[in-house]
Participant: 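Please find one structure pasted underneath; my questions will follow.
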Amino acid sequence: MREAALLLASCVVVCLLLGHSWAARQGQDIRCGACRALVDEMDWAISQVDPKKMIQTGSFRINPDGSQSIREVPLARSEGNLLELMESVCDRMEDYGERTDPSTNRKSYIRIKSRNGEAMDVSEATLDSRVTSSLKFACETIAEHHEDEIIEFFAHETDNVKDKLCSKRTDLCDHALNIPHDEL
């Protein structure tokens, strides 16, 4: 009887540990997916702005020598435009579905609605309102907690932003890449 109770207790502990590990992995998958989708959506939104449009930034005060500290930067990557884009980027998480990798059982999130109205292959995606609301919530949380890093990366970086931001800087996709982390 004592051995059966001990065996049962051991099974319960193992199940709890496995369940916690599974839940943590699910949370990590959705945070990583939300970060990667946020970067994709920001990249797309930036690409829709005319690259010839410029905006003046800096101080409009006149220096003692009569000059001003004004510089022109592309509108698409200006801080004001990036902040405006971030206000609505998480609303587009409704355009994503969940895909499960059969070999690793890891979840990833793929676009299921095209931006231009073309048909897309959604055979591998699961469409679920709970998933999209969780993805949107994760996106909003990321945008709130990492706003400065997101603005910094999109204002200055153009190459490999997804991996640099989601894995290297924020640790949201630690499992996806083995990249050393930035020290803040």
Side-chain angles (χ1 to χ4, degrees), residues 19-51 75-179 181-182:
H20 175 70
S21 171
W22 179 82
R25 191 174 74 205
Q26 297 299 327
Q28 187 178 31
D29 287 348
I30 200 145
R31 287 188 302 272
C32 177
C35 184
R36 296 176 79 76
L38 183 147
V39 171
D40 284 341
E41 294 300 324
M42 288 289 289
D43 273 338
W44 182 81
I46 289 168
S47 75
Q48 299 306 298
V49 177
D50 183 358
L75 173 65
R77 294 196 179 270
S78 69
E79 185 175 339
N81 184 57
L82 294 172
L83 285 168
E84 188 176 316
L85 294 176
M86 282 184 59
E87 288 179 15
S88 62
V89 72
C90 293
D91 293 338
R92 291 187 226 122
M93 296 299 121
E94 295 172 0
D95 297 342
Y96 284 78
E98 185 177 68
R99 180 185 164 280
T100 304
D101 184 327
S103 62
T104 62
N105 213 28
R106 297 298 301 241
K107 309 261 187 233
S108 61
Y109 301 89
I110 58 174
R111 186 167 251 292
I112 57 170
K113 295 179 185 173
S114 73
R115 293 182 175 105
N116 58 7
E118 292 178 14
M120 294 183 68
D121 178 22
V122 294
S123 60
E124 295 182 5
T126 304
L127 311 176
D128 185 352
S129 63
R130 290 176 299 178
V131 169
T132 56
S133 64
S134 295
L135 197 62
K136 182 178 179 182
F137 179 76
C139 176
E140 290 168 345
T141 303
I142 291 165
E144 183 179 327
H145 291 289
H146 300 286
E147 178 178 353
D148 294 337
E149 289 97 338
I150 294 168
I151 298 296
E152 175 188 336
F153 270 95
F154 281 105
H156 304 293
E157 299 270 344
T158 56
D159 296 332
N160 209 11
V161 173
K162 195 182 296 183
D163 291 334
K164 288 178 183 176
L165 179 66
C166 297
S167 295
K168 191 173 182 183
R169 178 63 66 88
T170 62
D171 293 336
L172 294 166
C173 295
D174 244 3
H175 67 282
L177 295 172
N178 291 324
I179 296 177
H181 304 291
D182 278 352

Participant: How long is the gap from CG on Asp91 to CD on Glu140, to the nearest 0.5 Å?
Facilitator: 7.0 Å
Participant: Do Asp101 and Ser103 have a side chain donor and acceptor closer than 3.5 Å?
Facilitator: yes
Participant: Looking at every heavy atom in both Gly33 and Tyr109, which two are closest together, and how far apart are they?
Facilitator: CA-CD1, 3.6 Å
Participant: Given side-chain contact (heavy atoms from CB on, under 4.5 Å), test Ser88 with Arg92 step by step and report yes or no.
Facilitator: CA-CA 7 Å; Ser88 62; Arg92 291 187 226 122; 3.7 Å; yes
Participant: Take Glu98 and Asp29, measure what side-chain contact (heavy atoms from CB on, under 4.5 Å) needs, and give me the verdict at the end.
Facilitator: CA-CA 10 Å; Glu98 185 177 68; Asp29 287 348; over 6 Å; no
Participant: What verdict does the side-chain contact (heavy atoms from CB on, under 4.5 Å) test give for Met86 and Leu38, after you've listed the backbone C-alpha separation in whole Å, the side-chain angles of each residue and the deciding distance to 0.1 Å?
Facilitator: CA-CA 9 Å; Met86 282 184 59; Leu38 183 147; 5.8 Å; no
Participant: Where is the tightest heavy-atom contact between Ala45 and Leu85, given as atom of each residue plus distance?
Facilitator: CB-CD2, 3.7 Å
Participant: Given the rule in the side-chain hydrogen bond (donor to acceptor under 3.5 Å, both in side chains) test, do Asp128 and Thr126 qualify, once you have shown the distances and angles that lead to the verdict?
Facilitator: CA-CA 6 Å; Asp128 185 352; Thr126 304; over 6 Å; no
Participant: Step by step, work out the side-chain contact (heavy atoms from CB on, under 4.5 Å) result for Ser78 and Leu75.
Facilitator: CA-CA 5 Å; Ser78 69; Leu75 173 65; 3.9 Å; yes
Participant: Are Phe153 and Val39 packed together at the side-chain level, in the sense that at least one heavy-atom pair is separated by less than 4.5 angstrom?
Facilitator: no
Participant: Going from CD1 on Ile30 to NZ on Lys107, what distance comes out if it is rounded to the nearest 0.5 angstrom?
Facilitator: 10.0 Å
Participant: How close do Ser129 and Thr132 get, heavy atom to heavy atom, and via which atoms?
Facilitator: O-OG1, 3.0 Å
Participant: Identify the heavy atoms of Tyr96 and Leu135 that sit nearest to each other, and give their distance.
Facilitator: CB-CD2, 3.6 Å
Participant: Nearest 0.5 Å please: distance from the NE2 atom of His146 over to the CG atom of Leu165.
Facilitator: 8.0 Å
Participant: For the backbone of Lys164 and the side chain of Ser167, can you confirm whether one donor and one acceptor N or O come within less than 3.5 Å of each other?
Facilitator: no
Participant: With no hydrogens and no angle check, is any side-chain donor or acceptor of Asp95 less than 3.5 Å from a backbone partner on Ile112?
Facilitator: no
Participant: CD of Glu124 to OG1 of Thr100: how many Å apart, nearest 0.5 Å?
Facilitator: 10.5 Å
Participant: Output the distance between atom CZ (Arg169) and atom CD1 (Ile150), rounded to the nearest 0.5 Å.
Facilitator: 11.5 Å
Participant: Has Thr104 got a side-chain atom pairing as donor or acceptor with Arg106's backbone, closer than 3.5 angstrom?
Facilitator: yes
Participant: Determine whether Lys113 and Met120 make a side-chain contact, defined as any pair of heavy atoms from C-beta on separated by less than 4.5 Å.
Facilitator: no
Participant: Side-chain contact test, heavy atoms from C-beta onward, threshold under 4.5 Å: evaluate it for Asp163 versus Lys168 and give yes or no.
Facilitator: no
Participant: Quick one: CD on Glu41 to SG on Cys139, what's the gap to the nearest 0.5 Å?
Facilitator: 8.5 Å
Participant: Between Cys166 and Cys173, is the SG gap short of 2.5 Å?
Facilitator: no
Participant: Of all heavy-atom pairs between Leu172 and Cys32, which one has the smallest distance, and what is that distance?
Facilitator: O-CB, 3.4 Å
Participant: Which atom names give the shortest non-hydrogen contact between Ile142 and Ala34, and what distance separates them?
Facilitator: CD1-CB, 3.9 Å
Participant: Check this for me, if you would: do Asp40 and Arg111 make a salt bridge, where the nitrogen-to-carboxylate-oxygen distance has to be below 4.0 angstrom?
Facilitator: no
